Amino acid sequence: MDQLFRAFRVHQDESGFRSGVEHLNVSTLPDADVTVKVHYSSVNYKDGLASIPEGKIVKTYPFIPGIDLAGEVMASRDTRFQPGDRVLCTGYGLGVSHEGGFAEVARVPGDWLVALPEGLTAREAMAIGTAGFTAALSVRRLLDNGLAPGQGPVLVLGATGGVGSMAVAILSRLGFAVTAVTGKPEAREKLTAFGAAEFLSREEAASGAKGVLGKERWAAIVDPVGGAMTADLLKSVQYGGSVALSGLTGGGAIETSVYPFILRGVNLLGIDSVFCPEPLRHQLWKLLAGDWKPERVLTAGVTEYPLEQLPEALNTVLAGKAVGRQVISFIN
Ligand SMILES: NC(=O)c1ccc[n+]([C@@H]2O[C@H](COP(=O)([O-])OP(=O)(O)OC[C@H]3O[C@@H](n4cnc5c(N)ncnc54)[C@H](OP(=O)(O)O)[C@@H]3O)[C@@H](O)[C@H]2O)c1
């Protein structure tokens with residue numbers, strides 16, 4: 001196939017680090033069974049890291065980042081996919097060790113693809129993207145560990161961010177009273193639109209505990225922030241409650257004690273969307289297209305950029321200033 005396409009590429013060589021939109025030939029893409037015409041991608045925190053030299057995400061250069069893509073199959077050596085099929089891809093090596101979704105064309109292994117579920121457009125799938133999938137996985141794990149409406153408020157950290165905003169929308173849709181924690185007081189109206197019942201600043205959310213345990217406040221916590229906030233908030237989870245921990249925007253180290261675990265039976269649940277196995281991956285996408293569809297963020301929290309404005313979207317997410325989700329459109 002001799003065909004040019006547009007892609008955002010990062011380089012690290014003797015001339016230093018640089019990035020930008022380039023025209024590439026399809027023959028330069030990695031060898032894999034399914035070639036996809038990308039209609040939409042999205043911007044996650046990890047993509048922000050992949051776009052800077054100190055991000056420690058990209059291992060080999062030059063490289064096309066982008067951990068999410070949705071579009072249409074152009075060609076396939078995998079019998080499960082035919083030209084014209086609508087598909088999405090998140091996680092695995094995409095945009096990390098295998099060239100990703102910030103390109104008009106991508107080549108990926110068939111095992112990484114999910115057929116676009118009924119009820120989702122490609123744009124909606126990317127507005128959800130890895131962030132929304134991670135929020136859904138967090139909610140699934142909390143429910144599987146006993147969370148039910150009526151137990152008390154559920155705290156969502158980093159609530160204006162990708163994972164946070166999606167978690168607010170999914171939980172409110174399922175009937176939970178959501179308390180949103182945000183560092184952006186100006187975004188409170190948006191958070192109400194996403195489904196939050198209450199707001200707290202990061203300082204107000206602090207447990208205030210002087211010792212190893214504080215007042216029992218939260219039935220559960222969705223935590224894409226990590227670091228000192230996680231350690232502190234473990235002290236204010238109700239007896240038997242859970243924390244679904246997915247991220248590290250607030251730090252990678254957690255200094256805690258055993259007491260929330262051994263005196264209150266608190267569960268610290270690790271959330272990994274990248275290698276989420278089948279059939280759970282398909283089940284969650286089906287829920288996201290149906291009963292768990294985060295309509296409130298899809299309606300009030302999506303900003304669309306053309307590929308040329310991707311650097312602006314990447315800078316916004318790296319600065320912690322994104323509200324809701326940012327999608328990249330390849331549809332002209
Ligand atoms: N485990 C997985 O599979 C998985 C999947 C997706 C993402 N993640 C991780 O989850 C995290 C969030 O990803 P995302 O794409 O949702 O990023 P995002 O859109 O940038 O959202 C992160 C949010 O965290 C809050 N925040 C930023 N810095 C903070 C700080 N120092 N202390 C407390 N809160 C802070 C901000 O929200 P407010 O201003 O509203 O407080 C920010 O919008 C990242 O670490 C990402 O790598 C993990």
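Remember, it's 1-based here, ligands and their atoms both numbered in the order they're listed. The structure presented is a predicted model; accordingly, all values stated were derived computationally and were not measured.
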Identify the protein heavy atom lying closest to [atom], giving its residue, its atom name and the separation to 0.1 Å.
atom: atom 26 (N) of ligand 1; answer: Arg202 NH2, 3.4 Å
atom: atom 37 (O) of ligand 1; answer: Gly158 CA, 3.4 Å
atom: atom 45 (O) of ligand 1; answer: Leu248 N, 2.9 Å
atom: atom 19 (O) of ligand 1; answer: Gly162 N, 2.8 Å
atom: atom 42 (C) of ligand 1; answer: Lys184 NZ, 4.1 Å
atom: atom 15 (O) of ligand 1; answer: Tyr45 N, 3.2 Å
atom: atom 8 (N) of ligand 1; answer: Ser246 O, 3.6 Å
atom: atom 16 (O) of ligand 1; answer: Val163 N, 2.8 Å

Looking only at distances, can you tell me whether any N or O atom of [X], backbone or side chain, sits closer than 3.5 Å to an N or O atom of ligand 1?
X: Gly250; answer: no
X: Gly164; answer: no
X: Thr130; answer: no
X: Ala131; answer: no

What atoms in ligand 1 come closer than 4.0 Å to a heavy atom of [X]?
X: Ser273; value: 2 (C), 3 (O), 5 (C)
X: Gly183; value: 38 (P), 39 (O), 40 (O), 41 (O)
X: Asp272; value: 3 (O)
X: Val317; value: 19 (O), 20 (O)
X: Thr160; value: 37 (O), 38 (P), 39 (O), 40 (O), 43 (O)

Kindly check if the number of other-residue, nucleotide or ligand heavy atoms within 6.0 Å of [atom1] ([X]) is above 12?
X: Asn145; atom1: CG; value: yes
X: Glu295; atom1: CD; value: yes
X: Glu255; atom1: CD; value: no
X: Phe261; atom1: CZ; value: yes
X: Glu118; atom1: CD; value: no

Any donor and acceptor pair, going by atom type alone, linking the side chain of Gln151 with main-chain N or O of Ala148 inside 3.5 Å?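 Yes; at least one donor-acceptor contact below 3.5 Å.
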
Glu278 side chain to Asp111 backbone, donor-acceptor under 3.5 Å: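 Not a single qualifying donor-acceptor pair exists.
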
Salt bridge (Lys or Arg N to Asp or Glu O under 4.0 Å) partner of Asp68, chosen from Arg325, Lys46, Arg123: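 Single pass found, and it is Arg325.
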
Backbone, side chain, both or neither: what part of Ala159 comes under 4.0 angstrom of ligand 1, heavy atoms only?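 Backbone only; the side chain of Ala159 stays clear of ligand 1.
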
Would you kindly specify which portion of Thr249 sits under 4.0 Å from ligand 1, judged on non-hydrogen atoms: side chain, backbone, both or neither?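 Thr249 to ligand 1: contacts from backbone and side chain alike.
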
Between Leu234 and Ser257, is any pair of side-chain heavy atoms under 4.5 Å apart?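 No, too far: nothing below the 4.5 Å cut-off.
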
4.5 Å side-chain heavy-atom contact, Ile331 and Tyr40: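 They are in side-chain contact.
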
To which of Pro224, Gly161, Gly91, Gly247 does the heavy atom nearest atom 12 (C) of ligand 1 belong?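 Heavy atom nearest to atom 12 (C) of ligand 1 belongs to Pro224.
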
Nearest option to atom 40 (O) of ligand 1, as decided by whichever heavy atom of Ile271, Thr134, Thr182 sits closest: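 Ranked by closest heavy atom to atom 40 (O) of ligand 1, first place is Thr182.
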
Which pair of non-hydrogen atoms, one from Asp232 and one from Ala206, has the smallest distance, and what is that distance?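 Distance-wise, the nearest heavy atoms are OD2-CA, 3.3 Å.
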
Phe133 vs Trp285 aromatic rings, parallel, tilted or perpendicular, using cut-offs 30° and 60°?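 Ring orientation of Phe133 relative to Trp285: parallel.
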
Worked check of side chain to side chain donor-acceptor pair (under 3.5 Å) between Lys321 and Thr316: CA-CA 5 Å; Lys321 289 189 176 152; Thr316 305; over 6 Å; no

